[in-house]
Amino acid sequence: MTDSVFNLTVDDNKIAVVTIDVPGEKMNTLRDSFADDLKALLAQAKEHAVKGMVFISGKSDNFIAGADVKMLDSVQKREDALAISELCHQAFFDMKKLPYTTVSAIHGAALGGGLEFALACDYRVGTDSDLTKIGLPEVQLGLLPGGGGTQRLTKIVGIQKALEWMLTGKQIRPKQAKKAGVLDDCVPQSVLLKVAKEFAAKKKPQAKEPKLDKISKLLESNPFGRNFIFKKAKENVLKKTGGHYPAPLAIIKAVRASVELDEMKAYKTEAEGFATLVMSDESKALRGIFFATTEMKKEWRNDDAPAISKTAVLGGGLMGAGIAHVSAVKAKLPVRIKDVAEQGISNAMNYTYKTLDKRLKRRIMSKADMQLTMNRITGTTDYSGFKHIDLVIEAVFEDLELKQGMVADVEQQCQANTIFASNTSSLPISQIAAKAERPENVIGLHYFSPVEKMPLVEIIPHEGTSQETIARVVNFARKQGKTPIVVKDMAGFYVNRILAPYLNEAANLMLAGEPIEKIDAALVEFGFPVGPLALLDEVGIDIGSKIAPILEKELGERFKGPDAFSRMIDSKRLGRKTGRGFYEYDKKGKKVDESVYELLGVTPAPRLNKNEIAKRCISQMLNEAVRCLDDGIIASPRDGDIGAIFGIGFPPFLGGPFSYMDKLGAGKISSDMSTLANSNAIFTPCDTLLTMADKGDKFYTTAANKAEVELAQGDDKSTDTPNEMTEHKD
């Protein structure tokens with residue numbers, strides 16, 4: 001069986017150990033040859049008259065990370081997708097029918113199809129390592145578990161927990177999995193195989209009832225209770241997704257089938273749902289994001305570049321605190337916070353403490369681990385302790401002279417190769433580096449708020465930034481758990497440059513009489529996680545007002561912000577941080593502050609429908625995204641799509657602004673913009689859109705991007721899911 005992913009050995013007690021090892025790959029995945037390989041394995045085991053079988057991974061950090069996503073992306077017809085699911089069902093049924101006991105010995109990731117494989121075994125033993133995580137994250141790719149996962153997991157953990165795990169795509173820690181009944185034991189890695197063999201020597205287990213508390217058992221044991229569970233699940237899904245994602249509803253339907261239909265009809269429901277989802281536009285878009293982020297992990301990678309081992313943050317405000325948090329918690333690096341006041345340092349450290357304390361109370365981390373993490377964060381009001389820092393990140397307000405002064409201080413106080421990274425959101429990095437003695441060490445590192453939740457970071461080298469500096473900072477950002485995109489050094493970079501006209505148009509619509517809640521609802525219904533005016537409140541109206549003049553000065557009048565914002569700033573209506581902006585905020589939530597209309601001299605007079613409102617705001621964003629591509633701000637449409645999705649919450653199911661424009665067609669986009677331009681020239685489509693409309697070109701199929709598309713269809717088959725792309729991002 002040299003060509004198989006399964007390698008079998010049999011001990012003196014006739015217990016077979018099957019090592020799962022996909023040749024030439026870092027991750028074990030279920031490939032299209034899986035069913036044939038398994039059939040051959042079971043035939044070989046029969047020849048050896050085995051009395052038990054243990055499956056264990058030959059990889060160091062994963063059991064089976066899922067199905068090969070590229071296999072799904074190559075499917076051309078729904079019937080082919082249906083056949084994949086049915087083939088998996090049959091293979092796992094064959095495993096269940098074996099006359100001897102099967103055990104999955106799990107160390108590392110057992111996700112998606114990997115967990116479904118494990119669920120088809122009689123027992124599951126996992127290690128207590130942080131590397132071991134189990135879950136069915138298919139929903140993040142717009143799919144449902146198609147290998148029996150909706151059926152078997154529900155039987156083991158119950159309806160509510162199965163729905164929770166599958167609808168969120170969450171990854172479960174070993175102790176949680178054991179408590180829920182998914183793992184039969186949780187042991188140190190050193191004894192994993194020994195314990196698994198002991199289970200393999202046992203008789204096949206009888207079916208068990210899920211471990212449920214009294215209330216859950218009462219609800220799930222009768223039709224009325226189950227109907228309530230499924231009804232609430234559907235309501236919650238529609239509330240969170242706006243109905244844009246079909247996969248969660250299909251998951252609910254398949255789980256319901258597992259408790260209401262006979263076994264074969266229930267499995268058929270799962271297979272039919274899987275096939276439909278594989279062919280859906282939403283899943284294709286989400287899989288496209290997955291391939292893009294996977295490919296981006298290979299770029300700017302330089303394993304020879306010196307690693308960042310000690311970091312510092314200048315400024316203990318909200319952004320500085322967030323940057324320090326991900327550096328200490330995610331990257332697990334020491335970080336020194338410098339602020340002009342002790343209170344700023346205290347606030348920044350307390351930010352991490354509060355977050356970790358929640359994890360401690362939920363028993364996600366131990367007190368010792370919490371203390372270890374907090375010990376990584378120190379503070380100072382001067383530059384003491386900076387001598388051996390590798391990377392200093394400034395996170396202060398947008399003042400060019402202040403930032404230039406910080407560059408000079410760092411060059412004086414730190415070592416010659418210390419990198420200075422600016423978290424500026426709009427100032428060109430070349431200006432910040434203009435007076436630097438070592439400009440090759442100066443770079444932009446732009447995070448988004450809240451830092452610990454937003455997956456994107458923009459990395460902005462200026463013309464003088466060294467390649468080594470870029471590589472070191474890219475590696476560092478990935479260590480923080482971020483998805484970095486390298487963008488050209490121009491005012492606003494990419495994300496804020498496409499965001500500014502979008503927000504300005506929303507504000508102008510409000511000043512023209514469109515109600516605040518109607519504008520926000522229009523864009524939420526379009527698919528954004530939060531409306532533009534609510535987003536302005538989150539960012540801070542004062543912050544937006546400081547960025548707008550920089551963009552206007554560097555890029556032109558189309559970036560001019562509404563003058564009315566100055567009245568809001570003068571009246572201390574800065575958004576959530578002051579309790580008032582377009583909305584009023586209290587402990588119960590938020591509501592529109594009606595008095596803002598009087599302050600701005602506006603009389604609400606709705607005249608546009610929600611589709612028209614959304615089209616006006618989105619048109620501005622799309623037009624600017626194309627200009628960014630023309631200016632070389634982003635290297636490709638792919639980077640533009642990822643930046644918009646992970647940076648501002650552009651609807652993932654649409655694939656990003658460039659994928660969305662390809663779907664509608666440049667002709668349709670430019671025609672709609674031209675119509676709007678009849679009343680306001682700011683909507684005039686850029687020359688590239690007009691040319692593409694004439695030629696019928698698309699961003700992902702033009703000659704310039706053909707190589708990029710082929711590259712994105714390369715050999716990497718990792719099945720990690722995109723970073724939190726359907727989560728609320730504000």
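One is the number of the first residue; the rest follow in order along the sequence.
- Proximity of Leu599 to Met568: side-chain heavy atoms (C-beta onward) are separated by under 4.5 Å at one or more points.
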Quick one: side chains of residues 611-618, donor-acceptor pairs under 3.5 Å with protein atoms, not counting sequence neighbours, listed by atom name and distance.
unit_1, atom_1, unit_2, atom_2, d
Glu612, OE1, Asn609, N, 2.8
Arg616, NE, Glu505, OE2, 3.0
Arg616, NH2, Glu505, OE2, 3.3

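- The shortest non-hydrogen separation linking Ala605 to Glu514 is O-OE2, 4.4 Å.
- Between Gly647 and Met454, the shortest heavy-atom distance links the atoms O-CE, 3.2 Å.
- Looking at Glu458, its side chain never comes within 3.5 Å of a backbone N or O of Ile485 through a donor-acceptor pair.
- By the 4.5 Å heavy-atom criterion applied to side chains, Met296 and Asp639 are counted as neighbours.
- When all heavy atoms of Val487 and Ile634 are compared, the pair lying nearest together is CG1-CG2, 4.3 Å.
- Side-chain N/O atoms of Glu398 and Thr424 include a donor and acceptor closer than 3.5 Å.
- Around atom CD of Glu235, more than 12 heavy atoms belonging to other residues, nucleotides or ligands sit under 6.0 Å away.
- Looking at Asp641 and Ser659, their side chains do bring a donor and an acceptor atom within 3.5 Å of each other.
- In terms of heavy atoms, Ser674 sits closest to Pro685 at OG-CG, 3.5 Å.
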Determine, step by step, whether Asp593 and Lys590 satisfy the salt bridge (charged side-chain N to carboxylate O under 4.0 Å, His left out) criterion, reporting the C-alpha distance in whole Å, the side-chain angles of both residues, the deciding distance to 0.1 Å, and the verdict.
-> CA-CA 9 Å; Asp593 186 350; Lys590 68 181 182 183; over 6 Å; no
Take Arg287 and Asp73 through the test salt bridge (charged side-chain N to carboxylate O under 4.0 Å, His left out) and record every step on the way to the result.
-> CA-CA 8 Å; Arg287 297 199 307 265; Asp73 220 44; 3.0 Å; yes
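- Counting non-hydrogen atoms of neighbouring residues, nucleotides and ligands closer than 6.0 angstrom, the NZ atom of Lys253 reaches no more than 12 such neighbours.
- There is a side-chain donor-acceptor pair under 3.5 Å between Tyr583 and Asp520.
- Taking every heavy atom of both residues into account, Glu295 and Arg638 meet most closely at CG-NH1, 3.9 Å.
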